[in-house]
Each structure stands twice: as C-alpha cells, then as structure tokens.
Amino acid sequence: MVQGDYVHAFYEQEAETLYIDSRLPVEFFVKYFRLDDDLPCIFSSIDHDPYVHEAISKYRGLRLIRQDPWECLISYMIATASNIPRIMKSIEKLSRLLGREIVDEIYAFPEISALAACCGEDLCDCSLGFRARRLIKAARMIESGELDLYGLYDMDYFQAKQQLMNIEGIGEKVADCILLFSYGKMEAFPVDTHVDRVIRNYYSDSFEGPYTKPKMAEWARSYFGHYCGYAQQYLFYQHRREGKLGS
DNA sequence: AGCCAGGCGGTCA
DNA sequence: TGACCGCATGGC
C-alpha cells in the first residue's frame with residue numbers, strides 16, 4: 001500500500017493481527033483491507049511453485065487494499081521514478097498543504113477540486129519535480145468530467161485501463177496499480193522494476209516472448225490465474241524484503 | 001560525489 | 001521490439 005495514506009494513523013498490525021482505532025467503524029477496515037476476500041482459497045489458487053509458495057507462507061499478513069481511486073491515482077503518479085521515503089514525504093506535504101485536518105495533525109488526502117485549483121508553483125514545496133504539472137493536469141481532467149473516474153467501476157479491465165492511460169503520466173504500470181488497488185480488478189498485474197526482475201530471474205522457464213509489461217501481465221494471468229494481483233503483491237514484497245540478490 | 005529511484009513519453013534502428 | 005534519453009529532485 002501507499003504509506004502516507006492517513007489511514008495508517010488509525011491501525012496497527014502485528015503479523016496477522018490488526019488493531020483498529022475505534023474512531024473508525026469496523027466496516028471501514030473490512031472494506032479497506034479486503035478482509036472479506038477468501039484468502040485460503042486465493043492462496044491455494046496462486047500457489048503454483050516453490051518461490052511464490054514461500055512468499056505467501058512467510059508474509060501471510062500482507063493484503064491488497066481497496067483504496068479510493070483518486071487518492072490511488074495521484075499517489076502512484078507521484079511514485080513514478082521515485083523512492084518510498086520520498087513518496088511518503090511528498091504525499092504528506094501535499095495533504096498538509098491542501099487536505100482537511102481530520103484529527104490533531106492528521107490530514108486527509110486533498111480533494112480533487114483543491115488540486116485542480118493549484119498552479120505549478122503552489123506545489124513547489126512538495127518535492128514533486130516534473131510530476132507536479134502532470135498531477136494538476138490529471139486533477140483538472142477529472143474535475144471537468146473529461147475522465148469519469150468513478151465510472152470505471154462498471155467497465156471491464158481493458159476498457160478502464162485505456163481510460164486511465166489517456167492521462168499524461170499514467171502508463172502500463174501505474175494504470176495496473178490503480179486498477180488493482182482501487183477497483184479490485186484482479187487481472188491487473190503491475191510490472192515495476194522489482195517484479196520485472198522476479199520474472200526474469202525466477203520464471204524465465206515458463207515465460208515466453210519479449211519482456212514487455214503487457215506480455216508479462218498476460219503471462220501472469222494465465223500462470224497464476226484470476227488472482228494474479230495477489231501473487232504480484234507477495235512476489236513484490238518478498239523481493240523488496242529479501243533484496244536484490246541475483247538481480 | 002554521484003548513481004538511481006514501485007516510470008513515462010518520445011525517438012531511433 | 002529493444003535500447004536509449006530527458007525529466008526534476010531527493011535518498012543513500
């Protein structure tokens with residue numbers, strides 16, 4: 001998930017146990033962390049080889065989230081060619097600058113209109129670099145109705161993806177993140193540098209064809225099945241935790 | 001100090 | 001398709 005999301009202030013997790021702040025209703029957490037998914041069923045469906053088996057065994061508390069599409073879209077546009085500490089700082093600064101204060105010193109993610117009303121220099125303290133202009137442009141496209149963000153729930157994976165990729169700064173990877181983490185489209189399989197390395201290093205035997213993002217995602221759908229998005233999360237997390245050996 | 005980042009959009013052969 | 005580049009800064 002994207003850290004810096006204000007939700008992090010309302011829960012703590014130890015392994016598979018979630019401690020929630022009673023200021024938010026239980027239903028919120030059930031929805032947000034997809035606690036209504038049938039995890040045992042999903043795990044067995046993607047458990048195709050020793051490598052992914054190790055990941056789903058060791059990191060069993062890891063979940064996909066169901067995040068608001070607007071927040072997810074902006075967050076992953078910010079993540080482009082950046083790193084996690086910096087991403088968290090940018091989102092935090094942006095929320096402090098434009099978001100409503102929810103409780104003491106905890107700020108909500110900015111509304112669409114707030115970002116759409118900005119000019120480039122308004123955001124100069126958020127260390128967004130070349131991303132700032134793109135974010136504002138995206139906000140204005142959504143605010144004007146040129147892109148109906150909340151209409152994408154009713155579209156299939158490929159239609160919705162095409163819509164998202166009309167936005168400057170949203171390509172294959174970012175679109176798949178939004179489709180997976182917000183819309184719950186399980187066909188999405190975001191291929192970033194880490195997942196790219198995992199496939200090249202551990203799945204080169206079963207993967208055929210050019211190492212392009214659409215091809216790797218297509219392979220993942222047929223290899224892991226419908227819940228390949230869960231496989232992506234576990235493979236990504238394992239690679240981040242256990243490092244870059246062999247990459 | 002200097003390379004590279006949970007990429008994207010463009011160009012070139 | 002694959003290999004490159006610029007983009008703007010910050011992290012390590």
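Remember, it's a predicted structure, so these values are computed and weren't measured experimentally. Convention: sequence-line order gives letters A, B, ...; per-chain numbering from 1. What's counted below: heavy atoms across the whole structure, side chains too, no hydrogens, waters or symmetry copies.
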Protein-nucleotides 10-13 of chain B N/O pairs closer than 3.5 Å?
none

Tell me the interatomic distance from [X], atom [atom1], to [N], atom [atom2], rounded to whole angstroms.
{"X": "Ile84(A)", "N": "dG11(C)", "atom1": "CD1", "atom2": "P", "value": "13 Å"}
{"X": "Ile78(A)", "N": "dG10(C)", "atom1": "CD1", "atom2": "P", "value": "14 Å"}
{"X": "Ile87(A)", "N": "dA5(B)", "atom1": "CD1", "atom2": "P", "value": "12 Å"}
{"X": "Glu121(A)", "N": "dT9(C)", "atom1": "CD", "atom2": "C1'", "value": "18 Å"}
{"X": "Asp176(A)", "N": "dG7(B)", "atom1": "CG", "atom2": "C1'", "value": "13 Å"}
{"X": "Met216(A)", "N": "dG7(B)", "atom1": "CE", "atom2": "P", "value": "12 Å"}
{"X": "His194(A)", "N": "dG7(B)", "atom1": "NE2", "atom2": "C1'", "value": "12 Å"}
{"X": "Met88(A)", "N": "dG6(B)", "atom1": "CE", "atom2": "P", "value": "11 Å"}

Can a salt bridge be assigned to the pair [X] and [Y] using a cut-off of 4.0 Å between side-chain N and carboxylate O?
{"X": "Lys173(A)", "Y": "Asp176(A)", "result": "no"}
{"X": "Lys161(A)", "Y": "Glu172(A)", "result": "yes"}
{"X": "Glu105(A)", "Y": "Arg96(A)", "result": "yes"}

Winner on side-chain proximity to Phe236(A), out of dG10(C), dG7(B), dG6(B), is dG6(B)

By nearest atom, which of the nucleotides dG11(C), dG2(C), dG6(B) is closest to the Lys89(A) side chain?
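Closest of the options to the side chain of Lys89(A): dG11(C).
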
Here the residues of residues 124-148 of chain A within 4.0 Å heavy-atom distance, strictly under, of DNA chain C are Ser127(A), Gly129(A), Phe130(A), Arg131(A)

If hydrophobic clusters are built from ILVMFWY residues whose side chains come within less than 4.5 Å, do Tyr51(A) and Ile56(A) share one?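 Shared cluster, yes.
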
query: Going hydrophobic residue to hydrophobic residue with side-chain gaps under 4.5 angstrom, can you get from Phe158(A) over to Ile167(A)?
result: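 Yes, same cluster.
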
What residues 177-193 of chain A contributes to the DNA chain B interface at heavy-atom separation below 4.0 Å is Asp192(A), Thr193(A)

Stretch residues 159-170 of chain A: residues that reach within less than 4.0 Å of DNA chain B through a heavy atom
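When residues 159-170 of chain A is checked for heavy atoms under 4.0 Å from DNA chain B, the hits, listed by number, are Ile167(A), Glu168(A), Gly169(A), Ile170(A).
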
In terms of heavy-atom contacts, Lys213(A) and Val191(A) come closest through CE-O, 3.3 Å

* To do: Determine the minimum heavy-atom distance between Cys228(A) and Arg221(A), stating which atoms define it.
  =>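 Smallest interatomic distance, heavy atoms only, reads SG-CG, 3.8 Å.
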
One should read off an interatomic distance between Gln67(A) CD and Arg34(A) CZ, to the nearest 0.5 angstrom, of 12.5 Å

Taken to the nearest 0.5 Å, the spacing of Ile78(A) CD1 from Arg131(A) CZ works out to 8.5 Å

Item to complete: Applying side chain to side chain contact (heavy atoms under 4.5 Å, CB included), run through Val174(A) and Ile178(A) and close with a yes or a no.
Response: CA-CA 6 Å; Val174(A) 172; Ile178(A) 301 164; 3.9 Å; yes

Quiz item: Are Tyr76(A) and the base of dG6(B) stacked, counting only ring centres nearer than 5.5 Å and planes tilted under 30°?
Solution: no

Sorted by chain and residue number, the side-chain hydrogen bond (donor to acceptor under 3.5 Å, both in side chains) partners of Glu54(A) (sequence neighbours excluded) come out as Lys58(A)

Listed partners of Ser113(A) passing side-chain hydrogen bond (donor to acceptor under 3.5 Å, both in side chains), at least two apart
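Counting only residues at least two positions away or on another chain, Ser113(A) forms no side-chain hydrogen bond (donor to acceptor under 3.5 Å, both in side chains).
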
- May I ask you to check whether Tyr76(A) and Phe181(A) place their ring centers less than 6.0 Å from one another? yes

Work out how far the [atom1] atom of [N] is from that of [M], and round it to whole angstrom.
{"N": "dG2(C)", "M": "dG6(B)", "atom1": "C1'", "result": "22 Å"}
{"N": "dG9(B)", "M": "dG10(C)", "atom1": "C1'", "result": "23 Å"}
{"N": "dA1(B)", "M": "dC7(C)", "atom1": "P", "result": "24 Å"}

*Determine, for Tyr211(A) and Arg200(A), whether the Lys NZ or Arg CZ falls below 6.0 Å from the six-membered ring centre while staying within 45 degrees of the axis.*
yes

Margin query: Going by ring pair (Phe, Tyr, Trp, His ring centres under 6.0 Å), Tyr223(A) matches just one of Tyr202(A), Tyr203(A), Phe207(A), Phe189(A). Which one?
Written below: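 Answer to the ring pair (Phe, Tyr, Trp, His ring centres under 6.0 Å) test with Tyr223(A) among Tyr202(A), Tyr203(A), Phe207(A), Phe189(A): Tyr203(A).
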
For this session: Under 4.0 Å between any heavy atoms, over every strand shown, what does Lys213(A) touch: base, sugar-phosphate, or nothing? Just pick one.
Result: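 It contacts sugar-phosphate atoms only.
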
